[in-house]
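In what follows, a structure is listed as structure tokens, so that the remarks can point back to it.
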Amino acid sequence: MLLVLDDEDYVEDLVKRAFPDEEIVTTRTSKQLLRKLNESSGVKAVIVDQYIERGAYPESEFLSDYPEYEGFLVALEVKKLREDIPVLLLTRFADSSVFMRAFQMGIIPIEFVDKELTARTIREKILRVDPEAIRQLVKEYRKLGWIAESPQSRELIWEIEQRYKDSDEPLLITGEIGVGKSLLARIIHKRSKRANRPLLTFVISAYPKENLYYMLFGVASRSFTGVEGRPGLVEKVGEGTLILDEIGDLSADVQLHLHSLLEERKFKRMQETRERTFKGRVILLTHKNLKKLVRNGLFREDLFSRISGLRLHIPPLRERREDIKALFEFYCPGLEFTSNALDFLVNEYQYPANVRSLRKIAHILMLESKGNVVTLDMAVRAISDYEEDKFTVSVGGYVPEMVFDWMLANGKTFSELKDDIFKIGLKKLGKKWNQQWER
């Protein structure tokens, strides 16, 4: 039930627009609302108009002699009676001093702008503090692999649902290596209005810079040479979502064309004069500081301005430790942890590659645990094994991406990495290996 105080019908109309399927009870006097609040269970929120005219009702039904402040006084009274219920103060005559006071008292003030916008604002404000709505979102995101137990992670999914998922504007997702940028980008697509359209991911740093243009935008056919035209990813994605990973590595010339694509939604294949229309959406990912790249002349300022309108930053795992326990439960199904092991894993280890580190440690624990219980010594050993084996895998040799992650996490230069490799090689294979390396 949503409880409304309204001397007209405009607040009731807005609440009905915001929650068409909810029971809405409208009262006309302050004390009528307070009586209804005391009598009713299941009240989800109270929405009051700031300016309440007396009409034909007796003065005893109101809290003051000032209609312009009556709603605010009622909101204060509701907060005293029921701290757990969100209280919204709605007005067409916004007063900054009243709004500031409302914020200080935990009341949510809303200025009426127009019916559609104000109805959306009412819905967002109520759902944002509705624990059941948040719980449901957390559950849905967990099914897709995103664990949100920390306030920061829950705020992210709320912002995605309310502001980002269905926008046609480009979205920039930033964060350290391994925080889950690619996963979150895929989830945004799955939760969006484009979910039934194509999803393509392009890792910019994995390809030579000279190939980026035609891979993204395609190449025209040439009948005199027999070369067939090929569409690029921008064309292939259609009305779907194109994820551009490592956007900080994009070459300067392609940055110019990407800015034009986002600004005008037009593009040309290589060696072609015909303009084509882009109907999809672009999500851009980076672990780099784009502002610093702009200052150093490595990233176009106009492109940065264009892509930073909608931005999500994923905090490192060490800053959202409430997620760590839930992540181990997710990646180690069936395992139990002693309190000491859990305390060490949750509160002490720094996870240099964030969730990527945690997943690998969880994998080691799954392989080595006995009796389905993880003890402190097992947790320490798993992390030790991970630290020793950061850039190797059991099958297929080394992975360059993991080497780079390890270097970043440990502040290693290429020269220092080379020295480390020499030392390990000498220790394991002797001087002969070193001589072969030098040759």
Open item on the list: Determine whether a donor-acceptor pair (N or O, by modelled atom type, separation under 3.5 Å) exists between the side chain of K190 and the backbone of A185.
Closed with: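 Pair absent, no side-chain N/O of K190 close to backbone of A185.
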
Open item on the list: Can a donor-acceptor pair be found, under 3.5 Å and without considering hydrogens, that links the side chain of R154 to the backbone of I134?
Closed with: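 Not confirmed, R154 side chain does not pair with I134 backbone.
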
Could [X] and [Y] be called an ion pair, given the rule that one side-chain N must be under 4.0 Å from one carboxylate O?
X    : Y    : answer
K193 : D168 : yes
R320 : E149 : no
D253 : R300 : no
R281 : E169 : no
R194 : E239 : no

Whether the [X] and [Y] side chains hold a donor-acceptor pair (N or O, under 3.5 Å, no angle test) is what I'd like checked.
X    : Y    : answer
Y141 : Q136 : no
T26  : D6   : no
S192 : D166 : no
K266 : T277 : yes
T91  : Y51  : no

Task: R318 to Y351 six-membered ring, cation-pi geometry met (6.0 Å, 45°) - done: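 Relative to the ring axis of Y351, which defines the angle, R318 lies outside at least one limit.
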
Open item on the list: For the residue pair R311 and Y164, would you count it as a cation-pi contact if the rule is NZ or CZ under 6.0 angstrom from the ring centre and within 45 degrees of the ring axis?
Closed with: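 Verdict for Y164: no cation-pi partner in R311.
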
- [ ] Verify whether the ring centers belonging to F112 and F93 lie closer than 6.0 Å.
- [x]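 Ring centroids of F112 and F93 are no less than 6.0 Å from each other.
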
Open item on the list: In this structure, is the centre-to-centre distance between the rings of H257 and Y213 below 6.0 Å?
Closed with: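 Yes.
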
Open item on the list: As an exercise, state the distance from NZ of K325 to CZ of F337, rounded to the nearest 0.5 Å.
Closed with: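 Reported value, rounded in 0.5 Å steps: 9.0 Å.
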
